[in-house]
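Structure first, commentary second.
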Amino acid sequence: MKVRLLDLTAQFENIRGEVMEAVTEVFESQYFILGPKVTELEERIAEYCRTGEAVGVASGSDAILLTLMALGIGPGDEVITTPYTFFSTVSSITRLGARPVFADIDPETYNIDPAEVADAMTEKTKAVLVVHLYGQPADMDPILEAARERGIPVIEDACQAIGAEYRGRRAGSMGLAGCFSFFPSKNLGGAGDGGMVATDNAGLAEDLRRLRNHGGRERYYHDDVGINSRLDALQAAVLLVKLRYLDAWSETRIANAARYDRMLGGIEELVTPAVIEGNRHIYNQYVIRVPRRDELKTFLQESDIGCEIYYPVPLHLQKCFSFLGAARGDCPEAERAALETLALPIFPELTTEMQEYVAEKISEFYSQV
Ligand SMILES: Cc1ncc(COP(=O)(O)O)c(C=O)c1O
């Protein structure tokens, strides 16, 4: 049997007609940049995330970058964030000349530890950039509380977490802004790159609309030095189709995760994902913690099972960030997670037989001497 880490062809086959119809409509209109499809998607996403507004941009990375730009973050400023995340959470900070300050993660959820966030705050802190890793919200209340006391905005990198919930609140709706990615592997993935910022703050939304379009309200009149980061109408058309299925797909991921939890629960060496009470984890990734991780990964790949390490090098130890002066040992939990975690296939079209095969192979690996 072959089990891919992610098989998007199965999903496409189920919605081929609707997608092709939506894409054809855009070609017939020849309206490719922003326009009515993008506006409609912005309205639908704002509704889905329970925010007042949403602004479509070219990627999740740009959603973060533009939000930081809108807040005027730059040289001399500090932004507290996690070292255990995708690269662009942190590159967005350094690109603006600001300094990322790393708060270590909670070893159970792999999300930023609120106590570490509070400890990292200084008079230079201009924002806290929280990531809801793998699709599970971080412990937001203590973070929001500590930030509110100091008047610091909280930004949510919800790129992996569309539809996730924390104590009844949607990921991306709790801080000043929520940043989303429509990279094809996300629970809501486009046919290429795309992103969105959701916010209740109308002023911020207006700033983002300007900044994503070269900083101009009116064409050829520039109030700020913005960038070209508009969402394509073709992406919006595809995403509007897929949005109708998002909840059903996420529910299937949740059911697949529960099945893995049962199948893998008996393997002593293995730690299944912990879901904090009150959280809706939408399992963009199903990540286990195991000893001999690299050997297991090779064994699974040799058995035709796709698996991946998210992420092998915590960001404070990346070569390009060495100028920050961080050292091994600075964020021990992130460093340990980088050595011990492995993502298994969890996509909605995964069959029970495929999951049984994955579980069998993992069990076989740990029963070998
Ligand atoms: C946590 C996180 N932040 C940021 C991004 C960047 O999103 P994009 O790939 O759309 O630029 C991603 C996805 O790749 C992500 O998973």
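Read the numbers this way: they start at 1 and go in the same order the structure lists the ligands and their atoms.
Ionic pairing of Arg259 and Glu356 is not present here: no N-O contact between side-chain nitrogen and carboxylate oxygen is shorter than 4.0 angstrom. Looking at Asp141 and Arg148, no side-chain N of the basic residue comes within less than 4.0 Å of a carboxylate O on the acidic one, giving no salt bridge. Checked for salt-bridge contact, Asp207 and Arg210 meet the test: a charged N lies under 4.0 Å from a carboxylate O.
Closest protein heavy atom to atom 3 (N) of ligand 1: Asp157 OD2, 2.7 Å. Residue, atom and distance of the protein heavy atom nearest to atom 16 (O) of ligand 1 are Gln160 NE2, 2.8 Å. Looking at atom 5 (C) of ligand 1, its nearest protein heavy atom turns out to be Phe86 CD2, 3.5 Å.
Only the side chain of Ser88 comes within 4.0 Å of ligand 1, judged by heavy-atom distances.
Using cut-offs of 30° and 60° for the angle between ring planes, the Tyr110 and Tyr134 rings count as perpendicular.
Residue Phe182 has no N or O atom closer than 3.5 Å to an N or O atom of ligand 1.
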Determine whether Phe12 and Asp7 satisfy the following criterion, side-chain contact (heavy atoms from CB on, under 4.5 Å), listing intermediate values before the conclusion. CA-CA 9 Å; Phe12 178 61; Asp7 183 359; over 6 Å; no
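Thr351 and Tyr357 share no side-chain donor-acceptor pair at under 3.5 Å.
Those atoms of ligand 1 with a heavy atom of Ser61 less than 4.0 angstrom away are 6 (C), 7 (O), 8 (P), 11 (O). Of all atoms in ligand 1, listed by their number and element, those nearer than 4.0 Å to a heavy atom of Thr89 are 3 (N).
Residue contacts with ligand 1 include Lys186, since one or more of its heavy atoms lies under 4.0 Å from the ligand.
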